[in-house]
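Atoms within a ligand are numbered from 1 in the order they appear, just like the ligands themselves. Each residue takes its place number in the sequence, starting with 1.
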Amino acid sequence: MAEYKTKEQKRKFYKSHAWQEVRQRVLIRDNYECQECKRQGKVYTDYHDPNKHKRLDVDHIKEIYTHPHLALNEDNCETLCVRCHNDKHDRFWLRKKQAKWDDEKW
Ligand SMILES: [Zn+2]
Ligand SMILES: [Zn+2]
């Protein structure tokens, strides 16, 4: 069973062909829409960013750090905009730009 605990393991995973395929399928499944914005009744649109496709992440609902066996399970993945994704992980890019985010859970 693969593990994704170190930054190197995670980096490898996110670059893997297998993940890229799952990621693509999830984006298509979710119509390239942020699922969290949708739940809150707003649709993530050009209002935030005209290049919205570039501003979407595919998030693991259960972190691969703790649930490595779900890393490639599409049911464990959903599309989030960068803003919601950062909220979910309690991240503040602007303030923590210098911080070494790789060491945190993603
Ligand atoms: Zn969102
Ligand atoms: Zn995430």
Side-chain angles (χ1 to χ4, degrees):
M1 173 63 64
E3 285 197 325
Y4 309 103
K5 301 206 174 188
T6 70
K7 129 184 167 182
E8 180 61 21
Q9 285 167 335
K10 278 185 277 187
R11 198 180 61 86
K12 249 194 192 154
F13 171 74
Y14 284 113
K15 285 179 79 173
S16 72
H17 188 66
W19 167 246
Q20 293 301 324
E21 278 194 348
V22 168
R23 187 178 182 281
Q24 201 55 41
R25 278 202 297 271
V26 171
L27 284 169
I28 291 166
R29 181 198 70 192
D30 292 343
N31 289 318
Y32 291 89
E33 286 171 354
C34 171
Q35 300 304 292
E36 181 59 31
C37 288
K38 226 175 166 180
R39 280 193 287 271
Q40 293 174 16
K42 35 178 196 176
V43 178
Y44 181 80
T45 66
D46 298 351
Y47 170 76
H48 297 286
D49 194 319
N51 298 313
K52 64 172 182 172
H53 287 197
K54 292 179 188 160
R55 307 283 296 168
L56 293 170
D57 286 333
V58 173
D59 178 52
H60 285 97
I61 297 165
K62 288 177 179 142
E63 302 290 339
I64 61 174
Y65 180 84
T66 47
H67 296 75
H69 57 291
L70 296 177
L72 292 171
N73 184 330
E74 286 169 44
D75 292 335
N76 187 44
C77 297
E78 68 178 359
T79 304
L80 291 181
C81 66
V82 171
R83 179 180 297 204
C84 290
H85 201 183
N86 287 347
D87 281 355
K88 177 184 164 181
H89 294 281
D90 270 320
R91 266 243 193 89
F92 301 95
W93 283 100
L94 293 176
R95 250 191 282 161
K96 292 173 82 179
K97 224 173 187 173
Q98 316 288 356
K100 32 183 177 67
W101 60 273
D102 272 335
D103 293 341
E104 296 171 34
K105 275 198 222 170
W106 182 232

> Given SG of Cys84 on one side and SG of Cys81 on the other, what angle do they make at the Zn ion (ligand 1), to 10°?
Replying inline: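 It comes to 100°.
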
> If you stand at the Zn ion (ligand 1) and look out to SG of Cys37 and SG of Cys34, what angle do those two lines make, to 10°?
Replying inline: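 Angle SG(Cys37)-the Zn ion (ligand 1)-SG(Cys34): 110°, rounded to 10°.
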
> For the Zn ion (ligand 2), which N, O or S atom of His89 is at the shortest distance?
Replying inline: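 Atom name of the closest N, O or S in His89: NE2.
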
> If you look at Asp59, which of its N/O/S atoms is nearest to the Zn ion (ligand 2)?
Replying inline: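 In Asp59, the N, O or S atom with the shortest distance to the Zn ion (ligand 2) is OD1.
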
> Is it true that Leu70 and Trp19 fall in one hydrophobic cluster, defined by side-chain heavy atoms closer than 4.5 Å?
Replying inline: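 No: no chain of side-chain contacts under 4.5 Å links Leu70 to Trp19.
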
> Does Leu72 reach the side chain of Phe13, with side-chain heavy atoms less than 4.5 Å apart?
Replying inline: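 The answer is yes; the side chains approach within 4.5 Å.
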
> Can you name the side chain to side chain contact (heavy atoms under 4.5 Å, CB included) partners of Glu74, sequence neighbours left out?
Replying inline: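 If we apply the side chain to side chain contact (heavy atoms under 4.5 Å, CB included) test to Glu74, skipping adjacent residues, the hits are Val22, Arg25, Val26, Arg29.
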
>> Between Glu78 and Lys38, does any side-chain N to carboxylate O distance fall below 4.0 Å?
In response: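 No.
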
